[in-house]
Amino acid sequence: MFKKVYLFGLLVFCLQSSAQIIRTKLPDSISYWKKENKVGLDISQITFVNWNAGGNNSVSGLLKGQFIRTYVKENIHWKNELIARYGINKQEKQDVRKTDDQLQINSTFGYRTDTISNWYYAGKFNFNTQFANGYAYPNTDLAISKPFAPAYTFLGIGAEYSRKDLNLNLYLSPLTQKTTMVFDQRLANQGAFGVEKAIYDEFGNLIKEGKNIRNETGILVTNQWKTEVYKNIMLEHRIALYTDYINNFGNIDVDWQLQLDMTVNQYVKANIGTHIVYDDDIKSKEEVNGVQVIKGPKVQLKQILGVGLVYSF
């Protein structure tokens, strides 16, 4: 009898103890980061066989990627963007030529005093360079540009107006430092891209190497806007305007991109775009009788038309 009472009491004790155990489930972690990734490949090809009008067979490809990381928490907004593009073209009886080359990093940190205002106190960083050498074709002996020759950085503070509902962004900075880097001594000695060129004596002997870095301080205005102009057709506009306080104030550097993205289906897209650049410090180069001649600054225009695959994740 005693054993039965003992066992019954032990059983009740165990049930009470187990009932007192509180089981909790950890809440799902909250992330304030949002990510967007896009990679794409555009390919075009032309072949002529007994074509009366003539023509050269050609194939071209463009590999591109865009990676965005955005941090949003209360009054803080921090957007980071990596853009990479590289394109080549191969025509009959010609070597492979570069058609597009860009490596760009953008980072904008903003803070607003309340959750209603669309204005932010902001700081902005931008870095821009290329992956491979550029040439004034058909001359491929001397490169007119290289990776980090040039490379540009913009670092400044100002105010940002941001409207998510309109996909509109306007950044105004009265104080931005622009740094131009030319880490190729031959190009630096030429004074390419606005750096201080080398000094030679009357016999052509080098006295002082050209500088590899040039710093400027000025005003930067950027604007970005994206909207659906028609069903499955998106228009994206980006522009950056910069002028230096000391060197020709009012002479504005322009970098303007305009692109139409047309969606065929989930993976196939077509795009039409233009890219206009004007920088008074960038001198044009031409091939004259086999000699590379430096000319004055010119408006640079690039037009893009492509159809290809795009994968978002």
Side-chain angles (χ1 to χ4, degrees), residues 78-85 101-110 120-131 134 143-162 169-198 209-225 237-258 275-285 294-302:
W78 184 20
K79 182 177 180 181
N80 304 278
E81 181 181 36
L82 170 64
I83 298 174
R85 300 171 61 94
D101 192 357
Q102 182 184 28
L103 175 62
Q104 185 178 97
I105 298 173
N106 299 303
S107 182
T108 304
F109 182 86
Y120 293 79
Y121 299 104
K124 189 177 185 69
F125 171 78
N126 170 270
F127 171 80
N128 207 335
T129 189
Q130 60 193 49
F131 290 101
I144 62 173
S145 63
K146 293 184 176 182
F148 285 89
Y152 301 98
T153 63
F154 291 86
L155 179 63
I157 56 174
E160 180 183 50
Y161 180 78
S162 180
N169 180 280
L170 174 66
Y171 173 76
L172 307 169
S173 172
L175 187 62
T176 292
Q177 177 172 295
K178 176 185 176 182
T179 302
T180 303
M181 294 167 279
V182 182
F183 293 142
D184 178 86
Q185 200 56 54
R186 179 181 62 82
L187 292 173
N189 288 346
Q190 294 176 359
F193 309 105
V195 298
E196 186 177 322
K197 64 182 180 180
E209 296 273 16
K211 291 189 176 181
N212 300 107
I213 295 177
R214 177 185 179 181
N215 290 310
E216 303 172 75
T217 301
I219 300 171
L220 176 67
V221 177
T222 69
N223 175 235
Q224 185 176 349
W225 178 55
H237 144 89
R238 294 180 181 224
I239 192 169
L241 307 172
Y242 177 82
T243 185
D244 181 54
Y245 282 120
I246 299 175
N247 183 31
N248 296 327
F249 179 74
N251 188 6
I252 300 174
D253 297 340
V254 179
D255 190 325
W256 182 27
Q257 299 179 62
L258 193 64
H275 190 176
I276 296 174
V277 174
Y278 179 79
D279 188 335
D280 191 61
D281 297 321
I282 300 178
K283 311 303 181 183
S284 61
K285 296 182 180 181
I294 299 176
K295 302 286 187 177
K298 294 182 179 180
V299 174
Q300 304 171 57
L301 172 63
K302 179 171 64 178

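Computed over heavy atoms, backbone and side chain alike; hydrogens, waters and symmetry mates excluded.
Partners of Arg85 according to the salt bridge (Lys or Arg N to Asp or Glu O under 4.0 Å) rule, which considers only residues two or more places apart in sequence or in another chain, are Asp100. For Glu81, the salt bridge (Lys or Arg N to Asp or Glu O under 4.0 Å) partners are Arg238, not counting sequence neighbours. Residues meeting the ring-ring contact (aromatic ring centres under 6.0 Å, His included) test with Phe183, sequence neighbours left out: none. Looking at residues two or more places apart in sequence or on another chain, you find a side-chain contact (heavy atoms from CB on, under 4.5 Å) between Lys298 and Ser284, Glu286. Here Asp244 pairs with nothing under the salt bridge (Lys or Arg N to Asp or Glu O under 4.0 Å) rule; sequence neighbours left out.
Thr243 and Asn251 get closest at one heavy-atom pair: OG1-O, 3.5 Å. Contact record, Val182 with Ala192: CG2-O, 3.7 Å, taken as the closest heavy-atom pair. Between Gly158 and Pro174 the shortest heavy-atom distance is CA-CD, 4.2 Å. Residues Thr180 and Val195 approach most closely at O-CG1, 4.2 Å, considering heavy atoms. Minimum heavy-atom separation, Pro150 to Thr129: O-OG1, 3.1 Å. The shortest heavy-atom contact between Gln130 and Ser145 is NE2-OG, 3.0 Å.
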Next item on the list: Just do the side chain to side chain contact (heavy atoms under 4.5 Å, CB included) check on Asp255 and His275 with the steps written out, would you?
Entry: CA-CA 7 Å; Asp255 190 325; His275 190 176; 2.8 Å; yes
Item checked: side chain to side chain contact (heavy atoms under 4.5 Å, CB included) assessment of Gln104 paired with Asn126 -> CA-CA 7 Å; Gln104 185 178 97; Asn126 170 270; 3.8 Å; yes
Next item on the list: Report the C-alpha separation of Tyr242 and Glu216 in whole Å, then their side-chain angles, then the decisive distance to 0.1 Å, and conclude whether the side chain to side chain contact (heavy atoms under 4.5 Å, CB included) test is met.
Entry: CA-CA 10 Å; Tyr242 177 82; Glu216 303 172 75; 3.6 Å; yes
Next item on the list: Could you walk me through whether Phe154 and Phe125 pass the ring-ring contact (aromatic ring centres under 6.0 Å, His included) test, one step at a time?
Entry: CA-CA 5 Å; Phe154 291 86; Phe125 171 78; 9.5 Å; no
Item checked: Evaluation steps, side chain to side chain contact (heavy atoms under 4.5 Å, CB included), between Trp256 and His237 -> CA-CA 8 Å; Trp256 182 27; His237 144 89; 3.0 Å; yes
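Ile246 CD1 to Thr217 OG1: the interatomic distance, rounded to the nearest 0.5 Å, is 6.5 Å. The distance from the CG atom of Leu172 to the CD1 atom of Ile157 is 13.0 Å, given to the nearest 0.5 Å. Atom CG of Leu155 sits about 9.0 Å away from atom OG of Ser173, to the nearest 0.5 Å. The distance from the OH atom of Tyr278 to the CG atom of Leu301 is 15.0 Å, given to the nearest 0.5 Å. The OG1 atom of Thr179 lies 4.0 Å from the CG atom of Asn215; values are rounded to the nearest 0.5 Å. Taken to the nearest 0.5 Å, the CG atom of Asn189 stands 11.0 Å off from the CD atom of Glu196.
The closest side-chain donor-acceptor pair between Asn80 and Trp78 falls under 3.5 angstrom. Gln185 and Glu209 share a donor-acceptor pair across their side chains, judged by distance under 3.5 Å alone. A donor-acceptor contact closer than 3.5 angstrom is absent between the side chains of Thr108 and Glu160.
Asp281 has its side chain within reach of Arg214: a pair of non-hydrogen atoms, C-beta onward, lies under 4.5 Å apart. The side-chain heavy atoms of Asn248 and Asp280, taken from C-beta on, include a pair separated by under 4.5 Å. Side-chain atoms of Ile239 and Thr222, non-hydrogen and from C-beta on, never get closer than 4.5 Å to each other. Annotation: side chain of Phe131 is not in contact with side chain of Pro147 (no heavy-atom distance under 4.5 Å).
Applying the side chain to side chain donor-acceptor pair (under 3.5 Å) test to every pair with at least one member in residues 146-157, sequence neighbours left out, gives these pairs: Lys146-Asp184.
Between Phe127 and Phe148, the ring centre distance stays below 6.0 Å.
Within a 6.0 Å sphere centred on CG of Leu241, other residues, nucleotides and ligands contribute more than 12 heavy atoms. The number of heavy-atom neighbours closer than 6.0 Å to OH of Tyr121, taken from other residues, nucleotides and ligands shown, is 12 or below.
Annotation: cation-pi pair Lys124/Tyr171 present, NZ/CZ under 6.0 Å from the ring centroid and within 45° of its normal.
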